[in-house]
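Data first, discussion second: the structure below is written as structure tokens.
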Amino acid sequence: MSSDKKVYKETLNLPQTSFPMEAKLVMNEPVRLKKWQDMGLYQRLLESRRNAPKFILHDGPPFANGDIHMGHLTNKTLKDVILRYKSLAGFSTPYVPGWDCHGLPIEHKIQQDLGKAFREMGAIEVRRKCYEYAEKYSDIQSQQFQRLGILGDWSNPYLTMKPEYEANTLEVFARVVENGLVYKQLKTVPWSIANQTALADAELEYQDVEDQTVFVEFPVANPGAFKARFDLRLNARVSLMIWTTTPWTLPANLAIAVHPQIDYAFVKYLKNEHWYITVVAADLVEKVFTKSPGLQPSVVRTVKGEELGGIDYQHPFVDRIGKVVMADYVTTTDGTGLVHTAPGHGEEDYETGIRHGLEIYCPVLPNGRFDSTTPNWLTGQSVWDGNKLVVEKLRELGVLFAEEKYVHSYPHDWRSKTPIIFRATEQWFVALDKPIGGMTLRERALQTVKEQCRFIPDWGRARISGMLESRPDWCISRQRSWGLPIPVFYNEKNQPLLTPESVRAVAKVFRESGSDAWYTHTPARLLEGYDPGPDFPKDKLRKEKDIFDVWFESGSSWMGVLKAREPQLHFPADLYLEGSDQHRGWFQLSLLPALAAVGQPPFKNVLTHGFIVGPDGKKISKSDKNYVTAVQEVNRHGADLLRLFVCQLDFEGDMAASPKMIQEFGDKYRKLRNTLRYLLSNLYDYDGSTFDVPADSLDGWMLFELDQLVQETTEAYESYTLHKAFRALHDFCAVQISSIYGNAMKDRLYCDPPGSLLRRRCQYVMHKTLIILTKLLSPMIVFTADEVWEHIPHKPEGEKDLPSVHLTSLPRGMNAPKSEAWSLLFELREEVLLQLDRLKKEQGVNKALDAEVIYPGKFKSRLAGFGVDLEDIVGCGYHSFDDSLDRVTVVDRRQVYRSCARSWKRRPDVGQDPQYPDLSARDVQAVRSRT
RNA sequence: GGGCUCGUAGCUCAGUUGGUUAGAGCGCGUCCCUGAUAAGGACGAGGUCACAAGUUCGAAUCUUGUCGGGCCCA
């Protein structure tokens, strides 16, 4: 018996394949990568789409600093999947990756590395070090991105520090200058003392700090007139009470701001046997006086803020008269409702100062120390020490009403992590509210975003619009070395030379020699071929020291890349795809230069994704045990797994990830791989024959399901909902193939004569399934899909000789016909499976092959056409119809029929052939056909 | 504090214009198979749809608020 069993087993058509179950991605992916490089896959792909319409996804440049992290991995993976899909769909998809190379973080890093030596070094030397650093990390990141299977022009990426790119950035600048939007002005800006530079909004980080805040009484300058005006008959000192979290800014106080509509109370109180009257917002009297208990305050009068306008007060420790001004931003949330205003030390204060014609007074030097215009007890002191000194002085003068510790969020320099100050400095700006061609840049940007760009998700429009509405003029200057110099010259009268032509003259030099030329060349040399006129004698010119905000450089990439590389690329790009933080960053700061320079948006579509967070949905830091180290995870699990992991996440919101989640996600990858492998393993002897498949069959059902899959997956890819594409594909493998079709087909695949119609037809369907699945999965699991492709026999005409699945085209629907009987069939299947389960539990029928499924006769006309499918779909050994039955019924046949020793199906036709008494009729035929 | 945004089973996601006992896959548990075998199959247990009010005959779905998360600002 046991020997017979073995003999019969050898007559089966069991699955065979050299496609390994174990992926060994970590080991195999680099080999395949090498293969792609050797065959020039990227170039071949472009070549093969030579005449196709282009789809240009313009890469936002990551900063050339450090290893790639999950944010990079996610972003680049999404880009690659979308581009590969578009390519599959027939588009030409050139992709030029880039890096943001200039900027503070690198200079900061070099500064740290060099320590003291940094200060003694010239700009050229520092810049050389920075260049090397940026080059090193763009190379490292390039390797890491390529390891992920990101396809692109890696041999020719764009680097913002390259001479041609710099020249192109200057060309953008020249056009902005041409449109009259560039100006220089004293402005109060965030200032980093540590780095001695102005900072962009994007360079600020908010951290909670505890500050010593003070309530200070500023005596009115003319108490007699004041009392008379407000009818106060009391021998008391009269003052205005302000509150500040930054006492060190008090030396620069020039005004006190009140809200015109807020009620202000004149509060009388007695302290040390003297009467005082002080002005505080009515709503805050109680709160303020709890800071200095026991004074028994009483309100003697209440007036609107507007009545206080123009009142003069005496600065407590500087010989200066200040005045009360109106401002809308004054609130009664904190403080006193009277806002200390130092136009040189705060952005709102600055606005107020401009409006009221105040001096933009800033007595603080770049190093954070008070200058000589301050009282001598402050001169030379740092502002942080100034806090204490000022408070002491106030106490000494008897104007310090109260002190209070206060925790609030305060801006810090994002690199040095030190608190910033606000300081008035000379800066270059791009004007947002100056009309060009009848419309300001701000208006044009808002209109463009509304009418010419699509945002995915749609709320991106509202987000960027809100930012455009409220943002101030763009400060484009920085006081550093590592960046693109702002090409301005000054004559001896300190007048700036800045014309489109002067900028272009410098650009020409940069294009040849790089921006180091700014430091090595004379003005005359830099301006060669340009005549600035008699006011600007070339030999008397001085060069600007400031460099550009790096955002101006990366924001000019549409010029430096898209336009510069036409016709391979085109402007505007079809798609920009970055994290949602770039609404304020790259999206906005690419839009503004593009509109300012050429009047067109750089993108048609803007797609954003959320951020990687921890498994608890919270922001995650490197020190967290759940932190995912991208490079490490790729080396542990392989790029395909990480790619697939990214694809399954709905990237509209935040995306949770942890090493454990990635590890567990391996199950999903293995499901796909095993399914593909199963299909492959049953095609080893497929002869390539094709069939007209009837709808009334599982084969027909499968083809229809495939059509659905193609449609669903394509729609998901088209709408960039990759997680829906993934789910459709995964569930198809798990349900349609693994659980239903593949399971049902085992009997005929293994036991039928190799060339039987049903077996071949099944192979035909499986073959189609495999090709479609492999193609649809190929944008996601680029390595695995290619590996599968290599194993597929009888590839379609036209794709036979393609060396990679990535050179093929999207599968098309087959318009497979639908059968009305399917829903009935699957309804019955559910019922049968439940009955089989009961039979197993109650009667020990462990194998469905030992049972017979009996369908009610009333279904015969609808189901009979399915033939043997009717037993295979539930794994039974036999099926029949019975007119007397009302419901489908499963019956234990262990005592009734004999089991076929070959197919294990228990059925009445076993033993009919004397030569093979232990086989069913079909198996007899199969065995005979072999000899 | 402000703008935008997210919150459905352990996990990743579906839930169309508000309408029957809220679904899927995975994971988990139990069992089966041992001819997809470091695979495969069946069954089952898991959710007060963040919370609270409101609109409605009826809300995961609409409104408001609260709580919690994220990004960007202040």
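The chains referred to below are lettered A, B, ... by the order of the sequence lines, with proteins before strands, and numbering in each begins at 1.
Using N1 to N3 plus N6-O4 or O6-N4 for Watson-Crick, or N1-O2 and O6-N3 for G-U wobble, each under 3.5 Å, B:U17 pairs with nothing. Base pairing of B:G1: its partner is B:C73, meeting the Watson-Crick or G-U wobble criterion (both donor-acceptor distances under 3.5 Å). Nucleotide B:C28 forms a Watson-Crick or G-U wobble pair with B:G44, both donor-acceptor distances falling under 3.5 Å. Remark: B:A50 base-pairs with B:U66; criterion is Watson-Crick or G-U wobble with both hydrogen-bond distances under 3.5 Å.
Within the 4.0 angstrom heavy-atom criterion, no nucleotide atom of any strand lies near A:Ser681. In this structure, A:Asp654 reaches the bases: a heavy-atom distance under 4.0 Å links it to at least one base atom across the strands shown. Nucleic acid contact for A:Lys724: sugar-phosphate only, since backbone atoms but no base atoms lie under 4.0 Å from a heavy atom of the residue. In this structure, A:Ala848 reaches neither bases nor backbone, as no heavy-atom distance under 4.0 Å exists between it and the strands shown. Contacts of A:Gly617 with the nucleic acid, taken as non-hydrogen atoms under 4.0 Å apart, involve only primed sugar atoms and P, OP1 or OP2. Looking at heavy-atom distances under 4.0 Å, A:Ile464 makes no contact with the nucleic acid at all. Counting non-hydrogen atoms under 4.0 angstrom, A:Asn674 reaches a base of the nucleic acid.
Comparing the C1' positions of B:C72 and B:U8 gives a spacing of 28 Å, expressed to the nearest Å. Nucleotides B:G68 and B:A50 have their C1' atoms positioned 8 Å apart, rounded to a whole Å. Distance check on atom C1': B:C62 versus B:U55 gives 8 Å, rounded to whole Å. Only the P atoms considered, B:G7 is 24 Å distant from B:C26, to the nearest whole Å. Going from the C1' atom of B:C33 to that of B:G40 covers 8 Å, rounded to whole Å. A gap of 15 Å separates the C1' atoms of B:C32 and B:A39, to the nearest Å. Between B:U16 and B:U34, the two C1' atoms lie 45 Å apart (nearest whole Å). Comparing the P positions of B:A22 and B:A9 gives an interatomic distance of 14 Å, to the nearest angstrom.
At B:C43, none of the side-chain N or O atoms of A:Lys841 fall inside 4.0 Å of OP1 or OP2 (strictly under the cut-off). One finds no side-chain N or O of A:Asn743 lying less than 4.0 angstrom from the OP1 or OP2 phosphate oxygen of B:G40. One finds a side-chain N or O of A:Ser739 lying less than 4.0 angstrom from the OP1 or OP2 phosphate oxygen of B:A42. OP1 and OP2 of B:C43 both lie 4.0 Å or more from every side-chain N or O belonging to A:Arg838. Using a 4.0 Å cut-off, no side-chain N or O of A:Lys618 falls inside it from OP1 or OP2 of B:G68. Dashed line: the shortest gap from a side-chain N or O of A:Lys840 to OP1 or OP2 of B:G41 is not under 4.0 Å. In this model, the phosphate group of B:A42 is approached by a side-chain N or O of A:Arg829 to a distance below 4.0 Å at OP1 or OP2. Between A:Lys847 and B:U34, a side-chain N or O to OP1/OP2 separation shorter than 4.0 Å is present. Between A:Tyr678 and B:U37 there is no side-chain polar atom (N or O) within less than 4.0 angstrom of OP1 or OP2. OP1 or OP2 of B:U37 sits under 4.0 Å from a side-chain N or O of A:Arg677. A:His730 has no side-chain polar atom (N or O) that falls below the 4.0 Å cut-off from OP1 or OP2 of B:U12.
Between A:Gln708 atom CD and B:A14 atom P the separation is 19 Å, expressed in whole Å. Here the C1' atom of nucleotide B:A74 and the CZ atom of A:Arg471 are 15 Å apart, to the nearest Å. The separation between A:Gln736 atom CD and B:G25 atom P is 10 Å, rounded to whole Å. The CG-P distance, from A:Leu644 to B:C26, rounds to 15 Å in whole Å. Computed from coordinates, the A:Asp731 CG to B:G15 P distance equals 13 Å when rounded to whole Å. For the pair A:Leu607 CG and B:U5 P, the computed distance is 17 Å after rounding to whole Å. Atom CD1 in A:Ile420 sits roughly 9 Å away from atom P in B:A74 (whole-Å rounding). Whole-Å rounding puts the A:Leu729 CG to B:C26 C1' distance at 16 Å.
Taking syn as a glycosidic angle within 90° of 0, B:G23 does not qualify and is anti.
Once the 5.5 Å centre distance and the 30° plane angle are applied, the aromatic ring of A:Trp904 is found stacked with the base of B:G35.
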For this session: Evaluate salt bridge (charged side-chain N to carboxylate O under 4.0 Å, His left out) for A:Lys405 paired with A:Asp211, printing each intermediate quantity in order.
Result: CA-CA 6 Å; A:Lys405 298 251 192 236; A:Asp211 272 326; over 6 Å; no
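Take the nearest nucleotide of RNA chain B for A:Asp650 and for A:Gly460: the residue whose nucleotide is more 5' is A:Gly460. Nearest-nucleotide positions on RNA chain B for A:Ile740 and A:Asp581 put A:Ile740 closer to the 5' end.
At a cut-off of 3.5 angstrom, counting only N and O atoms as typed in the model, there is a donor on one side and an acceptor on the other between the side-chain of A:Arg463 and the base of B:C71. For a distance-only test at 3.5 Å, the side chain of A:Ser738 qualifies as a donor-acceptor partner of the base of B:A36. Taking 3.5 Å as the limit, the base of B:A24 and the side chain of A:Arg727 contain a donor-acceptor pair of atoms between them.
When distances run from any side-chain atom of A:Lys668 to the nucleotides B:C13, B:C72, B:C26, the shortest one goes to B:C26. Listed candidates were B:U12, B:C4, B:G41. Nearest to the side chain of A:Leu649 is B:U12. Comparing B:U12, B:G40, B:A39 against the side chain of A:Gln648 picks out B:U12 as the nearest. Here the side chain of A:Phe611 is nearest to one of B:G25, B:U12, B:G70, namely B:G70. Closest to the A:Tyr750 side chain, of the nucleotides B:A42, B:C26, B:G35, is B:G35. Closest approach to the A:His723 side chain among B:A39, B:C13, B:G25 is made by B:C13 (side chain taken as heavy atoms from C-beta onward).
Note: A:Tyr686 and A:His767 have tilted aromatic rings, judged against thresholds of 30 and 60 degrees for the angle between ring planes. Classified by interplanar angle (parallel below 30°, tilted 30° to 60°, perpendicular above 60°), the ring pair A:Phe665/A:Phe726 is tilted. In this pair, A:Trp459 and A:His583 present their aromatic rings tilted. The plane angle is within the 30 to 60° band. Under the 30°/60° scheme for interplanar angles, the aromatic rings of A:Tyr576 and A:Phe587 are found to be tilted.
A distance of 10.0 Å separates CZ of A:Arg727 from NE2 of A:His730, quoted to the nearest 0.5 Å. Here the OG1 atom belonging to A:Thr244 is positioned 4.5 Å from the NE2 atom belonging to A:His340, to the nearest 0.5 angstrom.
A salt bridge links A:Asp685 with A:Arg759: the closest approach of a Lys/Arg side-chain nitrogen to an acidic carboxylate oxygen falls below 4.0 angstrom. Under 4.0 Å is where a charged nitrogen must lie from a carboxylate oxygen, and between A:Asp616 and A:Lys618 no such pair does. Between A:Glu469 and A:Arg442, no side-chain nitrogen of the basic residue sits less than 4.0 Å from a carboxylate oxygen of the acidic one, so the salt-bridge criterion is not met.
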